[in-house]
Amino acid sequence: MAVFGNKNKTYDLTGIKVPVSLGVIMDGNGRWAKKRLLPRSAGHRAGAENLKELCRNCGNYGVKYLTVYAFSTENWSRPEDEVHQLMELFVEFFAKYDPELEEEGIRVRFTGDIASLPEHIQKVCKEGEERSMHRQKMQLIVAFNYGGRRELENATKLIATKVKNGEINPEDITEKMISDHMYLPDVPDPELIIRPSGEMRLSNFLLWESAYSELWVSETLWPDFGYDELTQAFRDFANRDRRFGGLSAKEKEGKA
Ligand code: FPP
């Protein structure tokens with residue numbers, strides 16, 4: 001039994017096939033705050049705290065790439081106040097928790113339309129990436145000003161420009177080429193996407209990359225989504241029959 005401890009927590013890997021690449025839609029901060037008669041900003045703050053815990057747990061479980069949805073291209077339509085608070089929380093998160101991320105060996109990267117963000121946010125992204133490049137245990141990929149459709153729009157423009165310049169012909173375009181023009185082509189597609197807070201949708205998260213992702217939804221609001229549920233999600237994932245449009249292993253052997 002592979003069991004190891006970290007900061008008073010025991011990670012029992014028995015029977016758990018941990019996804020190499022995991023996506024998490026951190027939803028439910030607003031409802032969490034409302035239930036406690038707190039402002040929505042308190043919910044986002046609690047959500048950020050929980051993100052730090054998720055990083056530690058995923059790192060210790062052996063996840064290699066954790067992509068979290070922190071701010072979508074649609075989130076600009078929220079009240080100006082809330083958008084401002086989310087931006088400031090973003091700055092604060094890395095200022096406050098980077099030493100812990102360093103201790104945990106967690107490299108930080110960003111995905112999304114980063115170039116359209118305010119200058120000071122772009123600076124946090126650039127510095128965070130540079131400072132953490134040497135960290136080996138896990139990559140935390142923060143989707144910020146991210147939209148799956150925006151990412152596809154961007155990839156399409158890049159490929160169309162190559163066609164226009166005569167570098168490639170339209171018939172050269174393949175799925176692999178499209179994947180190679182996504183924001184972070186070296187990051188494997190998520191094998192599992194977790195969405196707390198009960199909604200059954202992707203909300204424009206990793207549209208291209210999630211083609212064969214397993215989805216795991218829970219009613220728990222994001223700030224309350226902890227180690228036990230993460231473990232349950234991994235256990236369920238380990239029992240999923242992933243066929244990728246083909247047959248299951250049993251079916252191939254003629255046993256099903
Ligand atoms: C969705 O919940 C959550 C967000 C739009 C923000 C997610 C941000 C964090 C968890 C913290 C920030 C992380 C970083 C890196 C700064 P919601 O507000 O839509 O909740 P609701 O559906 O209950 O209203």
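Model, not experiment: these values are computed from the prediction. Atoms within a ligand are numbered from 1 in the order they appear, just like the ligands themselves.
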May I ask you to decide whether [X] forms a salt bridge with [Y], counting only side-chain N to carboxylate O separations under 4.0 Å?
{"X": "Asp236", "Y": "Arg240", "value": "no"}
{"X": "Arg109", "Y": "Glu130", "value": "no"}
{"X": "Glu49", "Y": "Lys96", "value": "yes"}
{"X": "Glu102", "Y": "Arg131", "value": "no"}
{"X": "Glu119", "Y": "Lys123", "value": "no"}
{"X": "Asp98", "Y": "Arg135", "value": "yes"}
{"X": "Arg36", "Y": "Asp224", "value": "yes"}

Residue portion contacting ligand 1 (non-hydrogen atoms closer than 4.0 Å) for [X]:
{"X": "Arg40", "value": "side chain"}
{"X": "Asn75", "value": "side chain"}
{"X": "Leu221", "value": "neither"}

If hydrogens are left out, which of [options] has an atom nearest to [atom], that is, the closest non-hydrogen atom?
{"atom": "atom 9 (C) of ligand 1", "options": "Val124, Asn29, Asn50, Leu86", "answer": "Asn29"}
{"atom": "atom 4 (C) of ligand 1", "options": "Lys34, His44, Lys52", "answer": "His44"}
{"atom": "atom 14 (C) of ligand 1", "options": "Asp27, Val68, Leu54, Leu51", "answer": "Leu51"}

Under a 4.0 angstrom heavy-atom cut-off, which atoms of ligand 1 come close to [X]?
{"X": "Ala70", "result": "6 (C), 7 (C), 8 (C)"}
{"X": "Gly30", "result": "17 (P), 18 (O), 20 (O), 21 (P), 23 (O), 24 (O)"}
{"X": "Ala48", "result": "11 (C)"}

Name the closest protein heavy atom to [atom], giving the residue it belongs to and the distance to 0.1 Å.
{"atom": "atom 22 (O) of ligand 1", "result": "Arg31 NH2, 2.9 Å"}
{"atom": "atom 1 (C) of ligand 1", "result": "Met26 O, 3.4 Å"}
{"atom": "atom 12 (C) of ligand 1", "result": "Leu89 CD2, 4.0 Å"}

**Asked** Is there a nitrogen or oxygen of Tyr69 sitting under 3.5 Å from a nitrogen or oxygen of ligand 1?
**Response** no

**Prompt:** Looking only at distance, does Phe90 have an N or O less than 3.5 Å from an N or O of ligand 1?
**Reply:** no

**Request:** Applying side chain to side chain donor-acceptor pair (under 3.5 Å), name anything that partners Glu153, two or more places apart in sequence or on another chain.
**Result:** Lys157

**Item:** pair Met138-Cys58: side-chain heavy atoms closer than 4.5 Å
**Value:** yes

**Message:** Return the CG to CD distance between Leu22 and Glu214, rounded to the nearest 0.5 Å.
**Reply:** 12.5 Å

**Message:** When you measure from the heavy atoms of Arg78 to every atom of ligand 1, does any distance fall below 4.0 Å?
**Reply:** yes

